[in-house]
Amino acid sequence: MGKKGGKPEKKQERSQWEGKHPEPKSRVDERKVVATVKLAAPVCSLLEFKLECTPSTKISFLVDRIIDRHGGSISDLSVCVNRFHPEEIVSRDKTLEACGVFGGECIIYYDFVPRAGALLQ
(Lines give C-alpha, C1' and ligand atoms only; values in the text may rest on other atoms or scores of the structure.)
Protein backbone atom coordinates (compact mmCIF):
# COMPACT_ATOMS: atom_id res chain seq x y z
CA MET A 1 0.00 0.00 0.00
CA GLY A 2 2.10 2.86 -1.03
CA LYS A 3 2.24 5.13 -3.94
CA LYS A 4 1.38 3.84 -7.31
CA GLY A 5 4.29 3.98 -9.59
CA GLY A 6 4.48 4.51 -13.23
CA LYS A 7 3.79 8.16 -14.03
CA PRO A 8 6.23 10.79 -12.80
CA GLU A 9 4.62 13.87 -11.22
CA LYS A 10 4.62 16.98 -13.40
CA LYS A 11 6.10 20.07 -11.83
CA GLN A 12 3.76 23.04 -12.32
CA GLU A 13 5.39 25.65 -14.54
CA ARG A 14 5.46 29.23 -13.32
CA SER A 15 4.58 32.14 -15.54
CA GLN A 16 7.40 34.42 -16.60
CA TRP A 17 5.27 37.35 -15.39
CA GLU A 18 4.54 35.97 -11.91
CA GLY A 19 5.59 38.44 -9.23
CA LYS A 20 6.22 41.20 -11.76
CA HIS A 21 4.00 44.25 -11.96
CA PRO A 22 3.40 46.30 -15.08
CA GLU A 23 4.97 49.73 -15.24
CA PRO A 24 2.32 52.25 -14.13
CA LYS A 25 1.20 54.63 -16.85
CA SER A 26 1.75 58.28 -16.16
CA ARG A 27 -1.35 60.45 -15.94
CA VAL A 28 0.69 63.54 -16.71
CA ASP A 29 0.45 64.66 -20.32
CA GLU A 30 4.05 65.02 -21.52
CA ARG A 31 3.08 66.76 -24.78
CA LYS A 32 3.55 70.53 -24.85
CA VAL A 33 1.61 73.28 -26.57
CA VAL A 34 2.54 76.96 -26.67
CA ALA A 35 -0.72 78.83 -27.14
CA THR A 36 -0.53 82.45 -28.29
CA VAL A 37 -3.67 84.13 -26.98
CA LYS A 38 -4.91 87.13 -29.00
CA LEU A 39 -7.88 89.45 -28.93
CA ALA A 40 -9.67 88.97 -32.25
CA ALA A 41 -10.67 92.59 -32.78
CA PRO A 42 -9.38 95.21 -32.43
CA VAL A 43 -5.87 93.86 -32.83
CA CYS A 44 -3.92 94.93 -29.76
CA SER A 45 -0.47 93.51 -29.04
CA LEU A 46 -0.77 94.65 -25.40
CA LEU A 47 -3.49 92.04 -24.85
CA GLU A 48 -1.50 89.26 -26.53
CA PHE A 49 0.25 86.67 -24.36
CA LYS A 50 1.69 83.15 -24.55
CA LEU A 51 0.55 80.27 -22.39
CA GLU A 52 2.29 76.90 -22.01
CA CYS A 53 -0.15 74.03 -21.71
CA THR A 54 -0.88 70.51 -23.01
CA PRO A 55 -3.31 69.17 -25.62
CA SER A 56 -5.50 67.91 -22.76
CA THR A 57 -5.99 71.48 -21.49
CA LYS A 58 -9.64 72.51 -21.49
CA ILE A 59 -10.83 75.69 -23.18
CA SER A 60 -12.38 76.71 -19.83
CA PHE A 61 -8.85 76.89 -18.35
CA LEU A 62 -7.78 79.22 -21.16
CA VAL A 63 -10.91 81.36 -20.67
CA ASP A 64 -10.10 81.70 -16.96
CA ARG A 65 -6.53 82.84 -17.78
CA ILE A 66 -7.87 85.41 -20.28
CA ILE A 67 -10.34 86.79 -17.73
CA ASP A 68 -7.50 86.97 -15.16
CA ARG A 69 -5.38 88.97 -17.63
CA HIS A 70 -8.25 91.47 -17.95
CA GLY A 71 -8.49 91.78 -14.18
CA GLY A 72 -11.86 90.01 -14.11
CA SER A 73 -13.53 92.85 -16.01
CA ILE A 74 -14.77 90.73 -18.93
CA SER A 75 -17.10 87.75 -19.34
CA ASP A 76 -19.06 85.89 -22.03
CA LEU A 77 -15.99 85.16 -24.12
CA SER A 78 -16.10 83.65 -27.59
CA VAL A 79 -13.03 81.49 -28.21
CA CYS A 80 -11.71 80.01 -31.47
CA VAL A 81 -8.62 77.90 -32.09
CA ASN A 82 -6.22 78.86 -34.94
CA ARG A 83 -8.87 80.90 -36.80
CA PHE A 84 -11.53 83.33 -35.64
CA HIS A 85 -14.90 82.76 -37.27
CA PRO A 86 -18.37 82.88 -35.65
CA GLU A 87 -19.13 79.36 -36.89
CA GLU A 88 -15.98 77.97 -35.26
CA ILE A 89 -16.51 79.12 -31.67
CA VAL A 90 -15.57 76.24 -29.36
CA SER A 91 -17.35 75.29 -26.16
CA ARG A 92 -15.59 75.56 -22.82
CA ASP A 93 -15.72 71.83 -22.10
CA LYS A 94 -13.63 70.90 -25.17
CA THR A 95 -9.89 70.27 -24.99
CA LEU A 96 -7.24 71.62 -27.33
CA GLU A 97 -6.82 68.07 -28.60
CA ALA A 98 -10.53 67.94 -29.53
CA CYS A 99 -9.91 71.15 -31.50
CA GLY A 100 -7.09 69.52 -33.50
CA VAL A 101 -4.09 70.71 -31.44
CA PHE A 102 -1.79 67.80 -30.51
CA GLY A 103 1.44 69.67 -29.80
CA GLY A 104 3.62 72.53 -30.98
CA GLU A 105 2.06 75.96 -31.30
CA CYS A 106 -1.46 77.27 -31.77
CA ILE A 107 -3.30 80.57 -31.68
CA ILE A 108 -6.27 81.14 -29.42
CA TYR A 109 -8.49 84.01 -30.57
CA TYR A 110 -11.04 85.51 -28.22
CA ASP A 111 -13.65 88.21 -28.30
CA PHE A 112 -16.13 89.54 -25.78
CA VAL A 113 -19.00 91.98 -25.42
CA PRO A 114 -18.05 94.88 -23.14
CA ARG A 115 -20.07 95.23 -19.95
CA ALA A 116 -21.87 98.47 -19.22
CA GLY A 117 -20.13 100.24 -16.41
CA ALA A 118 -18.61 103.48 -15.24
CA LEU A 119 -15.89 103.35 -17.92
CA LEU A 120 -18.38 103.04 -20.78
CA GLN A 121 -20.79 105.77 -19.69
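Any value given below was found using the heavy atoms of this structure, including those in side chains, with hydrogens, waters and symmetry copies removed. Residue numbers run from 1 in the order of the sequence given.
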Report, one line per pair, each donor and acceptor closer than 3.5 Å where one atom sits in a side chain of residues 84-91; sequence neighbours left out.
| unit_1 | atom_1 | unit_2 | atom_2 | d |
| --- | --- | --- | --- | --- |
| H85 | ND1 | E87 | N | 3.1 |
| E88 | OE2 | R83 | NH1 | 2.8 |
| S91 | OG | D93 | OD1 | 2.5 |

Nearest 0.5 Å please: distance from the NZ atom of K58 over to the SG atom of C53.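 Between K58 NZ and C53 SG, I get 14.0 Å after rounding to 0.5 Å.
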Quick check for you: to the nearest 0.5 Å, what is the distance between C99 atom SG and I59 atom CD1?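 Going from SG on C99 over to CD1 on I59, the span is 4.5 Å.
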Can I get a per-line list of side-chain donor-acceptor pairs under 3.5 Å for residues 32-50, giving both atom names and the distance, sequence neighbours left out?
| unit_1 | atom_1 | unit_2 | atom_2 | d |
| --- | --- | --- | --- | --- |
| T36 | OG1 | K50 | NZ | 3.0 |

Let me have the donor-acceptor pairs involving side chains of residues 100-110, under 3.5 Å, with sequence neighbours excluded, atom names and distances please.
| unit_1 | atom_1 | unit_2 | atom_2 | d |
| --- | --- | --- | --- | --- |
| Y110 | OH | H70 | NE2 | 2.7 |

Flag side-chain contact, heavy atom, 4.5 Å: L77 against I66: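 Answer yes - side chains close enough.
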Would a 4.5 Å heavy-atom cut-off, applied to side chains only, mark L51 and F61 as touching?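 In contact.
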For D68, does the CG atom sit with more than 12 other heavy atoms under 6.0 Å from it, leaving out its own atoms?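 Above 12, so yes.
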Where T95 and S56 come nearest, the two heavy atoms and their spacing: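 Residues T95 and S56, closest heavy atoms: CG2-O, 3.7 Å.
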Apply the test side-chain contact (heavy atoms from CB on, under 4.5 Å) to residues L62 and L96: give CA-CA distance (whole Å), side-chain angles for both, the deciding distance (0.1 Å), then the verdict. CA-CA 10 Å; L62 300 172; L96 287 174; 3.9 Å; yes
